[in-house]
Q: 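Take a look at the following structure, please.
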Amino acid sequence: MKKEKLIKFLNNLTTAKENREVMDWLKKTGSEDHFLNLLEKDWNFGRPAKVSHSKQQQILDHIHKSTSKNQKVHKGKAIFHQFLKLGKVAATFLLLLFSVYFLYELGFSKKGEPILAEVAPMKIQKSTAAGEKLRLLLPDKSEVVVNSLSTLTFYSDFGINNREIILEGEAFFSVAPDKEKPFIVTTGAVATTALGTAFNAYSRAEGVTISLTEGRVNVTKNAQVISLLPGEMALEQPNMASGLTKEKFDPVQMTLWKEGKIRFQSKPFREILQTLEDWYGVRFETKAVDNRKVTGLFNNESLEDILTGLSFSLGFEYQINEKNVVIKF
């Protein structure tokens, strides 16, 4: 991390994106030592000559009020070394201390209070395990249904400075309207931008699919932009050099998963087992697989009920042992 960016951060001159970069960097091994060495040099070089003892105390008193901590404060270098001993637990407090010091050089407000740096947005992640689904109401009143084995990542300033989300896996978004802040979902190299709409986003190893059910969205990859209308989807596959493609889709079929329904349309049995593993959080064991294609709809049914139905049509036996399922033909 460049010193110039850290100094900008301490002086509250960084953008929201730069704030995140600095906070993410501070979490990495060794970054704290580099950061503290920088602060110590600036402390030793400039602080005593520029800030009187009474003003030092005024800054520190303000920090205590802001952090609700009642730690004893010493003069000069002792301040730095006392907080240094606290290690990672006191990293945030130490950051506030030196942020105020650098910001003090910009002047005090009319009331004589020092200007405090804006706290950098914190990363928030919501994940689902195999067999789990999650419903979220975001701060902007948008709703998200997260499918199993998926992760949503956003920051604590979501809905304030931006509406940006990173998705790994699958989720359905019902986006609250906001003309000033577009709703942006990033899935790998693909970004989907909406103002107020509903769409399904899928991002796994086999590629990315954005399926629009309501409103309108723009889907971008590099310089390519595709506009979608309801019933249209954009596809990106890792092995396709052409980038994004547009196709029609069945909205009912695409969003059945969020209602707890599973539908197989001429799907090979091996792929059905993979779907059931993700849906119910189990693992299948089978030496031989009849790979005939299956069509069927299951509505919030148990794994045992589904396997019973499939076993009649495909002619196999099964045994469920907690999270392990053995199938014999």
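For this chain, numbers begin at 1 and follow the sequence in order.
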Q: I want to check something: taking the side chain as every heavy atom from C-beta on, are L195 and F183 in contact at a cut-off of under 4.5 Å?
A: no

Q: Minimum heavy-atom separation for V282 to E322, with atom names?
A: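 Result for this residue pair: CG1-O, 4.4 Å.
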
Q: The criterion is ring-ring contact (aromatic ring centres under 6.0 Å, His included); which residues satisfy it with F316, sequence neighbours excluded?
A: F269, F329

Q: Considering non-hydrogen atoms only, spot the tightest contact between S203 and V208 and give its length.
A: OG-CG2, 3.8 Å

Q: Measuring only between side-chain heavy atoms, which start at C-beta, is E247 closer than 4.5 Å to E232?
A: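 No, side chains not in contact.
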
Q: Indicate if V294 and L303 have the same hydrophobic cluster label, given that clusters are the connected sets of ILVMFWY residues with side-chain heavy-atom separations under 4.5 angstrom.
A: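 Linked, V294 and L303 end up in one cluster.
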
Q: Are M233 and I184 grouped together when hydrophobic residues (ILVMFWY) are joined by side-chain heavy atoms under 4.5 angstrom apart?
A: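 No, separate clusters.
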
Q: Report the residues that fulfil salt bridge (charged side-chain N to carboxylate O under 4.0 Å, His left out) with E168, sequence neighbours left out, ordered by chain and then residue number.
A: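 E168 satisfies salt bridge (charged side-chain N to carboxylate O under 4.0 Å, His left out) with no other residue.
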
Q: Does one hydrophobic cluster hold both L273 and V326, with members joined at side-chain heavy-atom distances below 4.5 Å?
A: no

Q: Are any side-chain N or O atoms of S156 and backbone N or O atoms of M122, one a donor and one an acceptor, separated by less than 3.5 Å?
A: yes

Q: Output, in order, the C-alpha distance, side-chain angles, deciding distance and verdict of side-chain contact (heavy atoms from CB on, under 4.5 Å) for V325 and F284.
A: CA-CA 5 Å; V325 182; F284 285 96; 3.5 Å; yes

Q: Given side chains that start at C-beta, do those of Y280 and I262 come closer than 4.5 Å, heavy atoms only?
A: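 The answer is yes, as the side chains (C-beta and beyond) meet within the 4.5 Å cut-off.
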
Q: Distance-only, no hydrogens or angles: does the N299 side chain make a donor-acceptor pair with backbone N or O of G260 under 3.5 Å?
A: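 Looks like no, no N/O pair under 3.5 Å.
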
Q: With no hydrogens and no angle check, just 3.5 Å: does a side-chain donor-acceptor pair link K267 and T275?
A: yes

Q: To the nearest 0.5 Å, how far apart are NZ in K293 and CD in E271?
A: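 Going from NZ on K293 over to CD on E271, the span is 8.5 Å.
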
Q: Assess whether side-chain contact (heavy atoms from CB on, under 4.5 Å) is satisfied between V190 and V185, documenting all intermediate values.
A: CA-CA 8 Å; V190 178; V185 177; over 6 Å; no

Q: Which pair of non-hydrogen atoms, one from T213 and one from F172, has the smallest distance, and what is that distance?
A: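 Closest pair (atom of T213, atom of F172, distance): OG1-CZ, 3.6 Å.
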
Q: Would you say R263's side chain and F298's backbone share a donor-acceptor pair under 3.5 angstrom?
A: no

Q: Quick one: pull up CD1 in I327 and CD in Q319 and give me the separation to the nearest 0.5 Å.
A: 11.5 Å

Q: To the nearest 0.5 Å, tell me how far Q224 CD sits from T245 OG1.
A: 8.5 Å

Q: Could you measure the distance from the OG atom of S148 to the CG atom of L134? Nearest 0.5 Å is fine.
A: 11.5 Å

Q: Please say whether more than 12 non-hydrogen atoms of neighbouring residues, nucleotides or ligands are located less than 6.0 Å from CZ in R216.
A: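 No, the 6.0 Å shell around CZ holds no more than 12 heavy atoms from other groups.
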
Q: Please examine the side chains of L212 and V219, heavy atoms only from C-beta on, and report whether any two atoms are closer than 4.5 Å.
A: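 Side-chain contact under 4.5 Å: no.
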
Q: Taking salt bridge (Lys or Arg N to Asp or Glu O under 4.0 Å) as the cut-off, I'd like each qualifying pair that reaches into residues 130-159, sequence neighbours left out, listed once.
A: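 For residues 130-159, and leaving out neighbouring residues, the salt bridge (Lys or Arg N to Asp or Glu O under 4.0 Å) pairs sorted by first residue read R20-D157, D140-R163.
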
Q: Side chains of L136 and L152: closer than 4.5 Å at any heavy-atom pair?
A: yes

Q: Working to the nearest 0.5 angstrom, can you tell me the gap between L256 CG and K261 NZ?
A: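 With rounding to 0.5 Å, CG (L256) is 6.5 Å from NZ (K261).
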
Q: Considering all heavy atoms of both residues, which atom of A176 and which atom of S142 are nearest to each other, and what is their separation?
A: N-OG, 2.9 Å

Q: Side chains of K246 and L244: closer than 4.5 Å at any heavy-atom pair?
A: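 No, their side chains stay 4.5 Å or more apart.
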
Q: Same cluster for L167 and I124 if Ile/Leu/Val/Met/Phe/Trp/Tyr side chains link at under 4.5 Å?
A: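 Linked within one cluster.
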
Q: Please enumerate all residues that pass salt bridge (charged side-chain N to carboxylate O under 4.0 Å, His left out) together with D250, with sequence neighbours excluded.
A: none

Q: Scan for ring-ring contact (aromatic ring centres under 6.0 Å, His included) pairs involving residues 125-146, sequence neighbours excluded, and state none if there are none.
A: none

Q: Considering residues at least two apart in sequence or located in another chain, which fulfil the side-chain hydrogen bond (donor to acceptor under 3.5 Å, both in side chains) criterion with Q274?
A: D278

Q: Residues in side-chain hydrogen bond (donor to acceptor under 3.5 Å, both in side chains) with W279, at least two apart?
A: none

Q: Given 3.5 Å as the limit, does a donor-acceptor pair link the side chain of T128 with the main chain of S150, or not?
A: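 Yes; at least one donor-acceptor contact below 3.5 Å.
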
Q: For atom CD of E206, is the number of surrounding heavy atoms from other residues, nucleotides or ligands below 6.0 Å larger than 12?
A: yes

Q: Output all residues satisfying side-chain hydrogen bond (donor to acceptor under 3.5 Å, both in side chains) with T151, sequence neighbours left out; order by chain, then residue number.
A: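 Expected list: S127.
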
Q: Where is the tightest heavy-atom contact between I210 and L228, given as atom of each residue plus distance?
A: O-CD1, 3.6 Å

Q: Group every Ile, Leu, Val, Met, Phe, Trp and Tyr by side-chain heavy-atom contacts under 4.5 Å, then state whether V217 and V225 land in the same group.
A: no

Q: Can you confirm whether E304 is buried at CD, in the sense that more than 12 heavy atoms of other residues, nucleotides or ligands lie under 6.0 Å from that atom?
A: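 Incorrect, the count does not exceed 12.
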
Q: Regarding E236 and K221, does a basic nitrogen lie under 4.0 Å from an acidic carboxylate oxygen?
A: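 Yes.
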
Q: How far apart are the closest heavy atoms of G281 and A130, and which atoms are they?
A: CA-CB, 3.5 Å

Q: Would a 4.5 Å heavy-atom cut-off, applied to side chains only, mark I165 and L138 as touching?
A: yes

Q: Can you list every side chain to side chain donor-acceptor pair (under 3.5 Å) pair that touches residues 178-196, not counting sequence neighbours?
A: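 Qualifying pairs, neighbours excluded: none.
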
Q: Sorted by first residue and then second, give each ring-ring contact (aromatic ring centres under 6.0 Å, His included) pair with at least one member in residues 126-156; sequence neighbours left out.
A: F154-F158

Q: Not counting sequence neighbours, which residues clear salt bridge (charged side-chain N to carboxylate O under 4.0 Å, His left out) with R283? List them please.
A: E277

Q: Is a donor from one side chain sitting under 3.5 angstrom from an acceptor on the other, for D305 and T308?
A: no

Q: Pairs in or reaching into residues 195-233: which pass ring-ring contact (aromatic ring centres under 6.0 Å, His included), with residues at least two apart or in two chains?
A: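 Of all non-adjacent pairs touching residues 195-233, those that pass ring-ring contact (aromatic ring centres under 6.0 Å, His included) are F173-F199.
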
Q: Can you tell me how far OG of S211 sits from CG of L235, rounded to the nearest 0.5 angstrom?
A: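 Separation between the atoms: 7.0 Å.
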
